[in-house]
Amino acid sequence: MIYINNNANTTVRTESWLDYIPSTVLIYFNDTEIGEFENISTDMTYIIFTISKEIIESLKLENMDYIMKIYKDFALFKTELISVVS
């Protein structure tokens with residue numbers, strides 16, 4: 001499980017089981033679009049990006065669990081269970 005802090009910038013790191021790691025990813029929490037993020041990982045086995053607290057605050061996400069969906073070119077790339085916490 002990945003924890004997203006709704007009061008601070010949060011860096012998300014997730015493993016990838018594919019040999020291909022995209023340079024940018026589109027992120028959804030359940031069916032809510034969070035935004036497009038640059039993958040800052042230099043290791044081909046990870047996807048790393050930072051979600052700013054301003055994005056989380058603007059979406060008014062509740063403190064609860066979500067399914068994070070990672071898309072690349074409109075294709076679902078990966079899903080992760082996340083929890084938004086204070």
Look up atom OG1 in Thr14 and atom CD1 in Ile2, then write down how far apart they are to the nearest 0.5 Å. 4.5 Å
Side-chain contact, heavy-atom cut-off 4.5 Å: Val85 with Asn63? no
Nonpolar side-chain network containing Tyr46, other nodes, edges under 4.5 Å: Ile40, Ile48
With rounding to the nearest 0.5 angstrom, report the CG to OG distance, Asn5 to Ser86. 7.5 Å
Which heavy atom of Lys78 sits nearest a heavy atom of Glu15, and at what distance? CE-O, 2.5 Å
Please tell me if the side chains of Tyr66 and Met64 come closer than 4.5 Å, counting only heavy atoms from C-beta onward. yes
Applying salt bridge (Lys or Arg N to Asp or Glu O under 4.0 Å), which residue pairs with at least one partner in residues 53-65 are found, sequence neighbours left out? none
For Thr10, give me all partners under side-chain hydrogen bond (donor to acceptor under 3.5 Å, both in side chains), at least two apart in sequence or on another chain. none
With sequence neighbours excluded, residues passing side chain to side chain contact (heavy atoms under 4.5 Å, CB included) with Phe74: none
Pairwise distance CD1(Ile34) to CD1(Ile56) - rounded to 0.5 angstrom: 5.5 Å
In Å and rounded to the nearest 0.5 Å, what is the CD to CZ distance from Glu80 to Arg13? 12.0 Å
Steps toward side chain to side chain contact (heavy atoms under 4.5 Å, CB included) verdict (Ile4, Met68): CA-CA 11 Å; Ile4 304 292; Met68 179 174 63; 5.7 Å; no
Donor-acceptor list for residues 24-31 side chains, cut-off 3.5 Å, not counting sequence neighbours:
unit_1	atom_1	unit_2	atom_2	d
Thr24	OG1	Lys72	NZ	3.1
Tyr28	OH	Glu33	OE1	3.4
Asn30	OD1	Ile67	N	2.9
Asp31	OD1	Lys69	NZ	3.3

Measuring from atom CD1 of Ile47 to atom OG1 of Thr45, what distance do you get when rounded to the nearest 0.5 angstrom? 10.0 Å
One should read off an interatomic distance between Asn6 CG and Ile55 CD1, to the nearest 0.5 angstrom, of 13.5 Å
Check for me, please, whether Tyr71 and Ile82 land in the same ILVMFWY cluster - side-chain distances under 4.5 Å, paths through other members count. no
Going by the rule side-chain hydrogen bond (donor to acceptor under 3.5 Å, both in side chains), which residues pair with Asn39 if we only count those two or more places apart in sequence or in a different chain? none
